[in-house]
Amino acid sequence: MPIKHPFQSIITNKEGDLLFTATKNELQVFELKTGERVGHWVDVFDSTELLREKITKEQQRQLKANEEKAAAEAKAKAALLTEEEATATPEPTTTTTTEEPTKKKRKSNNSEPKVPTPGSGAPTIYNYIRQIKLSNDETKLVVITDSDKAAVVFQLNYDNNDNNVLELLKRQPFPKRPNAITTSNDDTEIIMGDKFGDVYKFAIADPEIKTFVGETDPLLGHVSMLTGVALAKNQLNQDVIITTDRDEHIRISQYPQASIIDKFLFGHESFISSVLIPNFDKSLLISGGGDEFICLWNWYEGKELDRFQLGEMIQPYLSDLHLAPSKFQNESGDLKEYCVAKIVELTQINSVAVLIESTNVVLVLKITDSYKLELDQVIQFDSPVTDICASNFKLIVSLESQENLIQIVDIENKSIDQEQESKDAVAKITADSLVEVESKEQFYPLYTIYQLKKRSEFS
Amino acid sequence: RAHSNPFSDHRLEYPISPAHMDWTKLYPYYIDPEDSSKLTKQVTIADIGCGFGGLMVDLAPEFKENLILGMEIRVQVTNYVEDRIIALRQQNLNSEEANYQNINVIRGNAMKFLPNFFEKSQLEKIFFCFPDPHFKQRKHKARIVTNTLLSEYAYVLKEGGVIYTITDVLDLHEWMVKHLDEHPLFERLDEEFEKTDPCVRIMTHSTEEGKKVERNKGSKYIKCYRRLPNSAVL
């Protein structure tokens, strides 16, 4: 019997009436009140097509280079020959030797390129939707895909007759794999950070850029994998761009004049996976990642205000999934490692919800009046949590579970919503989710950020 | 090893922030008598990819009032420069001309971690002498001067600070000039500056690479740029 694939990534709107989900290469939109599915999109892009195109291009480039080389050689030879002719009659042996290379050249073929197919035991290629993001005005949805390394923009159209709110606006492929995406403060531009640290921006209204490489200079760049990109306004109401990377940096630059770096927030000792500027106090920034602590900053002043140690409090919720790989394990074999996967704000109660990867819990941390992070509540679920998001009133949790793909948490009570309506919606979303697999082994990787930990040896 | 991949992790040692950096081991001569965890001066001159340290050694007597730091990514080369500086300091204990207490080297990846070492606007001069040309187009992002990295150099340089570049590879020279010309926070300095600035003279003749190029009768291409105020960006 097929089983439901857990949602890998979820977001909701401010009102909390819509849930956007990404599972494998599929997007689904649900109405949270009724559980009705109102949008669906499958990324059918075949990445072998991209590979084929790449190989054809390279073949043509090589052919052209060979031809040019041959032409140049022939020219040089002809010049040499005429010179020789002028001085003496050419030896018959020289003419025979000149013919040989021309014969060789004809061997180059123009046939269809061979696309390498992975043999048995080769690692699976997962073409999933890596990140989903709503524009600030909540009229557009932007996502990034692995298949063709693209940013895909959807218009949310609620008047569509075919019961699908997702209307594809634009698909912009990039030379390197996109890793983080956001929209500008006015929602006219998409800003994308890639695996190699460069950040590009493009206008949603502009036509798709065909040949990207070298022609569009990056807006800014880190020499490290980009893990996050966010737009904000500083205390002078100027636009700034906040970029985070695998090398512990949180960088704040002006926007769009990103050549002016305003400051760095230094303090993290491992990669950054999540930063949040809460709406209840926009001078604050909360950040987490591979460290055993979460930082609270006044980012206007570049000052660390507090550091919440996860250390002892998180231990009871860790499992064998968190054991360090054998190569990096300690002698007693009980070293557990964990990462902060997501931080979302619970505006109503001046708090943030924090997800530690591969655990069954969501931590609620309160930001006190004296700017300290305090543990308010640990909300427990019966299955591991894959992602969290929050509207103004509800916290939504996606689970690696067959019973319920999501749970809705009432923020006031900090407990699972027990209203019948809410229970019915959750059941309907689970039943209606279209992404099914035969067995758990076919699940796409659900917990992925611990791989960002640096493991290299001293060299 | 002649080359090092600037993108790999390398398990480098670098401070969490400039405030975490312990400079006292590198420049013990300048330890603050009132607070032994601090120096009386800050580093203001950086030689990125200092190689065997020839430039620093020649800059030392010229800029006695400045602390000069070389950064080098290759371990063995860094070790050599460390030994060289220890020897120079011992040989010149009471020298009037130069005691070499104001120069030192660290192993580091400046492309990734320069802002971890230096505060905003801390530096007065940054040198890029005979950097790795990375000829292949695919490797151009590994070049030490790119439009995105220049923003980081601009961050650690103070207004009016100078970037010095020299190379014997014309293609690389044109690349660096193009990117520096295009960057809104840098202004090209003219030939008059090149003729009169003491650093240009030292840079041209002192580094090991520079001497090698001279022996091989190669060309040297030089360009210097001044850090403009942020207000120059409209």
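By convention in this document, chain letters (A, B, ...) are assigned in the order of the sequence lines, proteins followed by strands, and residues within each chain are numbered from 1. All values below come from the heavy atoms of this structure, side chains included, with hydrogens, waters and symmetry mates left out.
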Gap separating the CD1 atom of A:I260 from the OH atom of B:Y155, nearest 0.5 angstrom:
13.5 Å
Part of residues 114-127 of chain B lying next to chain A, heavy-atom separation under 4.5 Å:
B:P115, B:N116, B:K120
Tell me whether B:K141 contacts the main-chain N or O of A:F196 through its side chain, where contact means a donor paired with an acceptor under 3.5 Å.
yes
In terms of heavy-atom proximity below 4.5 Å to chain A, should B:I16 be classed as side chain, backbone, both, or neither?
both
Out of A:S253, A:G197, A:A258, A:S259, return the one with the most heavy atom pairs under 4.5 angstrom to chain B.
A:S259
For B:H183, is it the side chain, the backbone, both or neither that has a heavy atom under 4.5 Å from a heavy atom of chain A?
side chain
So what's closer than 4.5 Å to chain B heavy atoms on A:L220: side chain, backbone, both or neither?
backbone
Pick from B:S151, B:A19, B:P184, B:S17 with the largest number of heavy-atom pairs that fall under 4.5 Å of chain A
B:S151
Can you tell me if CD on A:Q451 sees more than 12 non-hydrogen neighbours from other groups inside 6.0 Å?
yes
At a 4.5 Å cut-off on heavy atoms, which part of B:N230 comes close to chain A: side chain, backbone, both, or neither?
both
Please classify the contact of B:E182 with chain A as side chain, backbone, both or neither, using a heavy-atom distance under 4.5 Å.
side chain
Distance col, row A:S224:OG vs B:F113:CZ, nearest 0.5 angstrom, shows 7.0 Å
Please report the interatomic distance NZ(A:K454) to CG(B:L12), rounded to the nearest 0.5 Å.
8.0 Å
Given that the side chain runs from C-beta out, which part of B:L150 has a heavy atom under 4.5 Å from chain A: side chain, backbone, both or neither?
neither
Interface moiety of A:D262 toward chain B, non-hydrogen atoms closer than 4.5 Å
both
Would you mind reporting whether B:K112 and A:H249 have side-chain heavy atoms less than 4.5 Å apart?
no
Does a sphere of radius 6.0 Å around NZ in A:K195 hold more than 12 heavy atoms from other residues, nucleotides or ligands, not counting ones at 6.0 Å or beyond?
no
If you look at every heavy atom in B:N147 and A:P218, which pair is closest and at what distance?
ND2-CD, 4.3 Å
More than 12 foreign heavy atoms under 6.0 Å from OH of A:Y450: is that the case here?
no
Around atom NZ of A:K233, are there more than 12 heavy atoms from other residues, nucleotides or ligands closer than 6.0 Å?
yes
